[in-house]
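For reference, the structure is listed below as structure tokens.
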Amino acid sequence: MYVELEVDQEFAAICKQIKEENKSEAEWRLIESDSMFQTENYEGGFDATEMEFCFSYYDAAGREYWFQLPLAQVQEIAAGKSLKLYLREAEK
């Protein structure tokens, strides 16, 4: 089951931080971390196996959802493009 989520300011700020790092996918791969970015509702980082940024999102009820996106999509969000994220409920 997937949940649709509009990109909010909190996640857009993470994307801007990633863009400001100005790293290629190859460079991100070298510093892979699943908890490089942590905010109130999001936690994640670059996954070298997936070659994408993988995040957990925690809703107001504390439920965890997972989603991932490529560097190109992160850059679009950082540039202000309004996008939807498609989340799946985390496995228990």
Side-chain angles (χ1 to χ4, degrees):
M1 177 182 168
Y2 285 89
V3 174
E4 210 173 273
L5 181 71
E6 289 281 337
V7 171
D8 58 18
Q9 278 189 316
E10 186 178 352
F11 190 68
I14 292 171
C15 292
K16 288 176 185 173
Q17 186 179 351
I18 292 169
K19 184 178 180 183
E20 288 171 4
E21 292 282 336
N22 198 28
K23 291 180 173 45
S24 67
E25 284 181 346
E27 290 170 310
W28 282 111
R29 186 178 189 173
L30 294 173
I31 58 167
E32 159 181 59
S33 170
D34 62 357
S35 60
M36 182 175 284
F37 304 97
Q38 296 181 33
T39 62
E40 183 176 343
N41 296 299
Y42 297 92
E43 181 177 344
F46 194 80
D47 184 285
T49 303
E50 298 290 332
M51 289 300 290
E52 292 189 327
F53 287 90
C54 298
F55 284 90
S56 288
Y57 166 76
Y58 300 91
D59 69 10
R63 290 182 297 255
E64 181 182 10
Y65 296 88
W66 294 334
F67 67 99
Q68 60 191 75
L69 61 167
L71 180 58
Q73 191 173 1
V74 167
Q75 291 171 336
E76 287 178 4
I77 293 168
K81 188 170 183 179
S82 179
L83 297 174
K84 292 184 179 173
L85 303 171
Y86 296 93
L87 294 64
R88 60 186 166 97
E89 202 166 341
E91 298 171 8
K92 299 183 182 200

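This is a predicted model, so every value here is computed, not measured.
- For the atom pair CH2 (W28) and CD1 (I18), the distance works out to 5.5 Å, reported to the nearest 0.5 Å.
- Considering only residues two or more places apart in sequence or on other chains, K81 meets the side-chain hydrogen bond (donor to acceptor under 3.5 Å, both in side chains) condition with none of them.
- Each side-chain hydrogen bond (donor to acceptor under 3.5 Å, both in side chains) pair with one or both residues in residues 32-46, not counting sequence neighbours, appears once here: D8-Y42, E10-T39, E10-N41.
- A distance of 6.0 Å or more separates the ring centres of F46 and F55.
- Sequence neighbours left out, the pairs with a member in residues 57-67 that pass salt bridge (charged side-chain N to carboxylate O under 4.0 Å, His left out) are D59-R63.
- For Y2, there are no side-chain hydrogen bond (donor to acceptor under 3.5 Å, both in side chains) partners at least two apart in sequence or on another chain.
- Exactly one residue among E21, E25, E27 makes a side chain to side chain donor-acceptor pair (under 3.5 Å) with K23. That residue is E21.
- Residues passing the salt bridge (charged side-chain N to carboxylate O under 4.0 Å, His left out) test with R29, sequence neighbours excluded: none.
- Residues meeting the salt bridge (charged side-chain N to carboxylate O under 4.0 Å, His left out) test with K16, sequence neighbours left out: none.
- Contacts of T49 classified as side chain to side chain contact (heavy atoms under 4.5 Å, CB included), with partners at least two apart in sequence or in another chain: D47.
- Note: the hydrophobic cluster containing L83 also contains F37 (ILVMFWY, side chain heavy atoms under 4.5 Å, direct or indirect links).
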Throw together a table of side-chain donor-acceptor distances under 3.5 angstrom for residues 68-80, partners on residues two or more places apart or in other chains.
| residue | atom | partner | partner atom | Å |
| --- | --- | --- | --- | --- |
| Q68 | NE2 | E50 | OE1 | 3.1 |
| Q68 | NE2 | E52 | OE1 | 2.7 |

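- With hydrophobic clusters built from ILVMFWY side chains whose heavy atoms lie under 4.5 angstrom apart, Y58 does not share a cluster with F53.
- E6 is linked by a side chain to side chain contact (heavy atoms under 4.5 Å, CB included) to S82, K84, counting only residues two or more places apart in sequence or in another chain.
- For the side chain to side chain contact (heavy atoms under 4.5 Å, CB included) test, residues two or more places apart in sequence or in another chain that qualify with E91 are W66, R88.
- Taking hydrophobic clusters as Ile, Leu, Val, Met, Phe, Trp and Tyr residues chained together by side-chain heavy-atom distances below 4.5 Å, L85 shares a cluster with V3.
- Going from atom CG of L87 over to atom OG of S56 covers 9.5 Å, rounded to the nearest 0.5 Å.
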